[in-house]
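To start, the structure itself, in structure tokens.
Keep in mind that this is a model prediction, so the values were computed, not measured.
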Amino acid sequence: MLLNPLEVFLSRQGFVMLDGGLATEMENHGADLDDELWSAKMLFEAPEIIRLVHLEFLKAGADVIATATYQASFDGFERAGYRHGQAESLMRLSVDLAVLAREIFWSDTENRRNRLRPLIAASIGPYGACLHDGSEYHGNYPLAKEELMEFHRPRMQVMADTEADLFAFETIPSLLEA
């Protein structure tokens, strides 16, 4: 088992190319993300857009594609009317869409030329992302370390039980949350 899936990229090519702005590219394909769930909204409205954008990032040279789960939390899905099991299924779907895009990309032998098999990163956004008050950028929320752990743990457990190769902790604004 490889403990650091990025190590092979660093040793072979000296860098790891990450994908780009998933939400921006989804909007470029017509997605309306004006919603508390942001890009996670597309998991139930238009999953094909997510898969398409993942595939475009891979074709553009990305070594790592991040799932559409930055804004996905059990609290956020609950406020949007989804039960816990439905939220879990949507989080798993985000990985499945990335896996499908990678399989489509990797099935073309031309894409394999001088490339390592791309990785899938389960995107984990900060607690503040579910508050929709800008605190995802400063991290000044009134929670103790244990409360932050309890917020992140359930979705990380779901994502750890998928085909994702690693976690991408995005926009974690405070040392306490990190």
Does any non-hydrogen side-chain atom of Trp106 lie less than 4.5 Å from one of Leu58?
no

Any side-chain heavy-atom pair from Cys130 and Gln71 closer than 4.5 angstrom?
no

Please check this pair: side chain of Arg155 against backbone of Ala72, looking for a donor-acceptor N/O pair closer than 3.5 Å.
yes

Can you check whether His84 and Phe74 have ring centres sitting under 6.0 Å from each other?
yes

Heavy-atom side-chain proximity of Val99 to Val95 below 4.5 angstrom
yes

Grab the two heavy atoms, one from Pro47 and one from Glu45, that are nearest each other, plus how far apart they are.
CD-C, 3.8 Å

Please find the pair of heavy atoms, one from Arg115 and one from Pro118, that lie closest to each other, and give the distance.
NH2-CG, 4.0 Å

Starting from Ile104, can I reach Leu93 by hopping between I/L/V/M/F/W/Y residues whose side chains sit under 4.5 Å apart?
yes

Can you tell me if Glu88 uses its side chain to pair, donor with acceptor, with the backbone of Val158 under 3.5 Å?
no

CD/Gln13: more than 12 non-hydrogen atoms of other groups inside 6.0 Å:
yes

Looking only at heavy atoms, which two atoms of Asp35 and Leu37 are closest? And how far apart?
OD1-N, 2.8 Å

Which is it for Phe44 and Tyr82 under the ring-ring contact (aromatic ring centres under 6.0 Å, His included) test, yes or no, and what are the steps along the way?
CA-CA 11 Å; Phe44 52 88; Tyr82 291 88; 4.9 Å; yes

Checking Lys59 side chain against Asn111 main chain: does a donor-acceptor pair fall under 3.5 Å?
no

For Ala122 and Ala164 the tightest heavy-atom approach is CB-CB, 3.9 Å

Tell me whether Arg102 is salt-bridged to Asp165, with the criterion being a basic N under 4.0 Å from an acidic carboxylate O.
yes

Quick one: does any side-chain atom of Asp19 pair with a main-chain N or O of Ile65 as donor and acceptor, under 3.5 Å?
no

Any donor-acceptor N/O pair, Glu177 side chain to Tyr127 backbone, under 3.5 Å
yes

Looking at the rings of Phe9 and Phe15, which for Trp means the six-membered one, are their centres under 6.0 Å apart?
no

Do Glu25 side-chain atoms and Leu22 backbone N/O form a donor-acceptor pair below 3.5 Å?
no

Glu136 and Leu131: CA distance, side-chain angles, deciding distance, side-chain contact (heavy atoms from CB on, under 4.5 Å) verdict
CA-CA 8 Å; Glu136 68 190 274; Leu131 299 178; over 6 Å; no

Can you get from Phe167 to Leu148 by hopping between Ile, Leu, Val, Met, Phe, Trp and Tyr side chains that sit under 4.5 Å apart?
no

Considering non-hydrogen atoms only, spot the tightest contact between Leu90 and Leu43 and give its length.
O-CD1, 3.5 Å

Chi angles and distances behind the side-chain contact (heavy atoms from CB on, under 4.5 Å) call for Ser94, Met159
CA-CA 9 Å; Ser94 71; Met159 301 305 268; 3.7 Å; yes

Between Pro126 and Phe151, is any pair of side-chain heavy atoms under 4.5 Å apart?
no

Could you tell me if the side chain of Lys41 sits less than 4.5 Å from the side chain of Asp32, heavy atoms only?
yes

With a 4.5 Å limit on heavy-atom distance, are the side chains of Ile124 and Glu170 in contact?
no

List the residues meeting ring-ring contact (aromatic ring centres under 6.0 Å, His included) with Tyr70, not counting sequence neighbours, and say none if there are none.
Trp38

Taking every non-hydrogen atom, the tightest pair across Met42 and Ala31
SD-CB, 3.6 Å

Closer than 3.5 angstrom, by distance alone: can the side chain of Thr67 be matched with the main-chain N or O of Ser123 as a donor-acceptor pair?
yes

Under 4.0 Å between a side-chain nitrogen and a carboxylate oxygen: does that hold for Glu110 and Arg113?
yes

Quiz question: by atom type and distance under 3.5 Å, do the side chains of Asp133 and Ser135 form a donor-acceptor pair?
yes

Quick check: are there more than 12 heavy atoms from other residues, nucleotides or ligands sitting under 6.0 Å from CZ of Arg83?
no

Quick one, Met91 and Thr162 - any side-chain contact, counting heavy atoms below 4.5 Å?
no

Is any side-chain heavy atom of Val64 closer than 4.5 Å to a side-chain heavy atom of Val16?
yes

